[in-house]
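Step one of this worksheet: look at the structure below.
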There are 2 protein chains.
Amino acid sequence: MVKITDVAKKAGVSVATVSRVINRQGNVKKSTEEKVLEAIKELDYIPNFPARYLKTKRTLTIGIIVPDITNPFFPIAFRGAESVVKQEDYTIILCNTFEDEYEEMRYLSILEAKKVDGILLIKAPPRSGNEQYMEKLNNLPVPIVYLDRLPQFQDIPAVVADNIGGGYAATTHLIKLGHRKIAIITVQYPLSVHRERLQGYVNALREHNISINKFYIKKGIPTIEEGISLGHSLINMKDRPTAIFATNNKMTIGLMRALEMAGLQCPQDISVVGYDDFDWENVFHPRLTVVAQPAYQMGETAAWLLIKILRDGVDSLPNKKIILSVELKIRESCGIYRQSKLKMP
Amino acid sequence: MVKITDVAKKAGVSVATVSRVINRQGNVKKSTEEKVLEAIKELDYIPNFPARYLKTKRTLTIGIIVPDITNPFFPIAFRGAESVVKQEDYTIILCNTFEDEYEEMRYLSILEAKKVDGILLIKAPPRSGNEQYMEKLNNLPVPIVYLDRLPQFQDIPAVVADNIGGGYAATTHLIKLGHRKIAIITVQYPLSVHRERLQGYVNALREHNISINKFYIKKGIPTIEEGISLGHSLINMKDRPTAIFATNNKMTIGLMRALEMAGLQCPQDISVVGYDDFDWENVFHPRLTVVAQPAYQMGETAAWLLIKILRDGVDSLPNKKIILSVELKIRESCGIYRQSKLKMP
DNA sequence: CCATTTTATGTAATCGATTTCCTTTAAATG
DNA sequence: CATTTAAAGGAAATCGATTACATAAAATGG
């Protein structure tokens, strides 16, 4: 492996000079700079980052911790983040936690040991009895920006979507179409995202004086299978809902599957609002009406925040929490409610 | 930051002893080991990886270079790879190239500089006039395993899917349904994957004595927009094909959109076979008949290969190239060809 | 032209671990 | 109990960069 001393020897200068050229700190004569550059090219020299870290304390690496990279929301957010950090020559270590806080803890320690310059964290649901971990999280030696999910109402750098607004928009849309029996399929984890979407749903119902039926509120883990099973349990209710709002994309897929298995047509027999907007949702049928989150922009913004913190410190931020708005995309999975058309089980 | 000397001081031993305990090299008395472990816990010490690298020459980090993480194939492969490397305590730097070989070159240099232990490369299409880069790729100082795409027929460690088989299976399926006018939408990049899928298509047609209509072979870049545009051009042909095989998942989505825009029903008016199998494809309509690749397993296998190389050297491999088989999933997007039902433009 | 300032370059310490080599201590052996 | 052997632990070199400090060379000004 060619190292800085080799370059120095070849160029006939000291390592200090080579270093100065590489890090363009000035105070190098034009002609020597050329000699050094020449030697670097000749030898195909690249500085050794881990060695460099020892003095500079920077790795030019950040970590992104996500619950599940196969959920299409996260790759989009990842790309958003990557697009901004690459301009500063950062590179990203990607970690999957599978919604498991222990995995998150493990990865966090590793990232700390590997001396990443900062972390973008999409939090796994907190486990009860693990409060001292939150304590640790708040005093991490490395800057951290929360993305999408806010574990508690704390004043920490974070980029989130307007989840209350999303839940509210979806539910209001269904109410305006005449639905009164509106169910919700959401996630049971103790995370802001899900609390807030449910809150938006409740707000909308309250505002229209629709009483809240607690049996219409189904919670589970965010998987397709769970979507199927919760979908089934709603379909099989005596007083079956005429519309269902699913607050998670994987559960939405499961719900659609459950409807199909039960022989129910969407939107004729039952209306559905899903969450997140992906390419295929506007092509295959039924075209889903969804709450679209600005996934890419969320990633960008979070990365931008982190870089700002890295550069100017956390106190330089005008406001730590950034809320991005969502958009209801009305397509074909919601119908007008008409008593006559409703099949009962 | 707490370092090994702090631990040594606290435990009343030398740094050498602490190091021996951490790396469990033996020759440490039980009682001293306990003292050291105690001090480590007390001080919350984690070894500094970049510093450690200087002596060990290992970062416990690998790089994965993908063309586009928002294409659902890649997150699945990523997870497969992660699932195996995490057992060896590796962590992954993920790099997106956007099918741009220059981006790939840039990332490769960075990964080299950051001293990753190995690289999993899903190649961007080679640019002409960039042959010396392939030369470099073949003599990289860091072990590399090719995944999915093989730039040339070389004897390098690689894990690929049976693309000829995939193209053949899809086309044969359509032929068996009575189709004779079978078009293909594929990718123009000079990569094995696409060459081979097309080869499978050609093989199947030849085998059934169906002449190859070069106007039925459409090539473009792998995006939804391109799928739409190539779909349009096929639909608008005087002698419109009765079936279309799309060899890329994003182009498949575009194709479906084009059919819809033209008012064509699938499978009644035209049959479609797509590529790759994702959750939603079995739920939304038309349910696509697809060639399913073992994405997760491909990631696993490639990671496993890489780790084997890291452990035992590249010469320890029984065979460098591993081909995994694909599966034709027959669903509802292909119909039996009947002359009478065919609408002509 | 010389004193002084500015610019250019080199020497050596340093970052935080691992590891070789050596010394000390303990255990085993006859 | 003396001697040999094995186990335990420490001192210091080392990995490949950056950088503080020292010094040499060039530029500037009177």
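Remember, predicted model here, so these are calculated numbers, not experimental data.
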Per-nt protein contacts along nucleotides 15-28 of chain D (heavy atom under 4.0 Å; B base, S backbone sugar-phosphate only, - none) come out as BBBBB---------
Indicate yes or no for a side-chain donor-acceptor contact from B:Ser19 to the backbone of B:Val15 under 3.5 Å, with no hydrogens or angles considered. no
Report yes or no: do A:Thr61 and A:Lys114 form a side-chain donor-acceptor pair below 3.5 Å? no
In whole angstroms, the gap separating P of C:dT19 from CZ of B:Arg58 amounts to 11 Å
Is the backbone N or O of A:Leu324 less than 3.5 Å from a side-chain atom of A:Gln297, with the two atoms forming a donor-acceptor pair by type? no
Whether the side chain of A:Asp148 engages the backbone of A:Ile122 through a donor-acceptor N/O pair (distance < 3.5 Å, no angle test) should be reported.
no
Testing D:dA8, C:dT7, C:dG10 for proximity to the side chain of A:Asn27, the answer is C:dT7
message: Using OP1 and OP2 only, check whether a side-chain N or O of A:Thr32 sits under 4.0 Å from C:dT9.
response: yes
Before accepting this row, confirm whether a basic side-chain N of the pair B:Glu99/B:Arg149 lies closer than 4.0 Å to the acidic partner's carboxylate O. yes
Point to revise | Under-4.0 Å salt bridge between A:Arg106 and A:Glu103 | key: yes
Rounded to whole Å, the NZ-C1' distance (B:Lys35 to D:dA8) equals 11 Å
Practice item. Please confirm whether the backbone N or O of B:Ile62 pairs with a side-chain atom of B:Asp117, one donor and one acceptor, at under 3.5 Å? Key: no
Rounding to the nearest 10°, end axes of the helix from C:dC1-D:dG30 to C:dG30-D:dC1 built from five pairs each make an angle of 30°
Salt bridge check: are A:Arg127 and A:Asp100 linked by an N-O gap of less than 4.0 Å? yes
Rounded to whole Å, CZ of B:Arg24 lies from P of C:dT18 at a distance of 12 Å
